[in-house]
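Whatever order the structure lists ligands and atoms in, that order sets their numbers, starting from 1. Basis for what follows: all heavy atoms, side chains included, without hydrogens, waters or symmetry-related copies. Bear in mind that the values here come from a model prediction, so they are computed numbers and not experimental data.
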Amino acid sequence: MMREAYIRHFKGHPGLQNGFDPTCHWCQISTFTTHLTAHISIVNRVDDMTLPPDFVFIQRAQPGKDIELPDPAFFSGCECKKAATCKSARCSCLQDMTVLDAKNADVYVYRAEAGGYVMRDEYLETREPIYECHESCVRALQPIRKGQFIDLYVGEILTAAETEIRRKHSAITQKKDVYLFELDKFKSDADRDPSLANTVFVDGEFRSGPTRFINHSCDPNLRIFARVGDHATKRFHDLAFFAIKDIGLEEELTFDYVDGEDEKLEEEKRNPLQKREMTRCLCKSRKCRGYLW
Ligand SMILES: C[S@@+](CC[C@H](N)C(=O)[O-])C[C@H]1O[C@@H](n2cnc3c(N)ncnc32)[C@H](O)[C@@H]1O
């Protein structure tokens, strides 16, 4: 199957007039704006399976039913010009963020390194959101350095009501949640902006980018951070993957699916009835908790 699919793609989809097949996963990825600079391959070294045929690669979030994404024309932006000189004390885009370095000085969330910017160690330890008005954050070069930006988790943006309908009708019922992320990082700001109480979800099951295929590890090398580029986008904040370790060539990228909810998992493991229903974790790390959920 895999072999047939890639031969079809690399022979230019014989039979199609322009050679582009919108249902082909390689063709979908080839439309990414980063296709030539950050090439993505799809490789299966285990068996001959292809990706789910109804899955579509997308590069940016897509609004689902009843969702209207903010219009960039109304973004207020800020007065700073460069990421390197953007400091929270002076820039309105970072007004909610406090990043202190070892000397207690107010610093930008990234520091410059040869080859680009990496997130500062002290910030990587937090679960704090990232506010940034610049698109100049780190793009993955290989090998990946600790603190480096990897990619966003994108998908269809859904209302809570639509998410519940999808959960109910899901063919994978309990596992549906693995593809769903609630964009609730700024919910606590709802007293200042009531629209933030009405959180939306990202569903990456059917439409998403390459990060949708990242597996879980109990000792991961990536972590997800909430990220906003304009205060107007808080309700639709990005989910940005950053490396929390140096990652070697060919090393698998992983994140912790139950980051911060380990106690709930341990409690479920203690209940024999619940334990029987749980999914075994195959991460093979020395810190493995034994189960995914
Ligand atoms: C978001 S998908 C990750 C990509 C998936 N491996 C695939 O081929 O589509 C999540 C699913 O991958 C599997 N998975 C990911 N990490 C795992 C792990 N550490 N142990 C066991 N299964 C895992 C589980 O079946 C889980 O429901």
Where the closest heavy atom to atom 2 (S) of ligand 1 is concerned, which of Tyr153, Phe213, Tyr179, Phe255 has it? Tyr179

Can you tell me if Leu51 has a non-hydrogen atom under 4.0 Å from ligand 1? no

Run the salt-bridge test on Lys287 and Asp256 with the 4.0 Å N-O cut-off and return the result as yes or no. no

I need the atoms of ligand 1 closer than 4.0 Å to a non-hydrogen atom of Arg280, numbered in the order shown. 20 (N), 21 (C)

Please determine which of Thr211, Leu152, Leu183 meets the side-chain contact (heavy atoms from CB on, under 4.5 Å) test together with Leu239. Leu183

The atoms of ligand 1 lying under 4.0 Å from a heavy atom of Cys281, numbered in the order shown, are 19 (N), 20 (N)

How close does the nearest protein non-hydrogen atom get to atom 11 (C) of ligand 1, and which residue and atom is it? Tyr257 OH, 4.4 Å

May I ask you to decide whether Asp193 forms a salt bridge with Arg235, counting only side-chain N to carboxylate O separations under 4.0 Å? no

On the 0 to 90° scale, with breaks at 30° and 60°, tag the Tyr257-Phe255 ring pair as parallel, tilted or perpendicular. tilted

Relative to the ring of His13, is the ring of His9 parallel (under 30°), tilted (30 to 60°) or perpendicular (over 60°)? perpendicular

When rounded to the nearest 0.5 angstrom, what distance separates CD1 in Ile40 from CD in Gln28? 12.0 Å

In ligand 1, the atoms that come under 4.0 Å of a heavy atom of Ile214 are 3 (C)

Exercise check, heavy-atom protein proximity under 4.0 Å to atom 20 (N) of ligand 1: yes

Identity and distance of the protein heavy atom lying nearest atom 24 (C) of ligand 1: Leu292 CD1, 4.1 Å

Decide, yes or no, whether a salt bridge links Arg289 with Asp219 under the criterion of side-chain N to carboxylate O below 4.0 Å. no

Looking at ligand 1, does Trp293 have a heavy atom less than 4.0 Å from it? yes

Does the ring center of Phe181 lie less than 6.0 Å from the ring center of Phe201? no

Could you go through the salt bridge (charged side-chain N to carboxylate O under 4.0 Å, His left out) check for Glu125 and Arg120 one step at a time? CA-CA 9 Å; Glu125 303 303 324; Arg120 289 177 187 276; over 6 Å; no

What do you reckon, does Leu282 have a nitrogen or oxygen under 3.5 Å from a nitrogen or oxygen of ligand 1? yes

Short N/O distance, under 3.5 Å, between His216 and ligand 1? yes

Examine Asn215 against ligand 1 and note whether any of their N/O atoms are separated by less than 3.5 Å. yes

Closest to atom 1 (C) of ligand 1 among protein heavy atoms sits Arg212 O, 3.2 Å

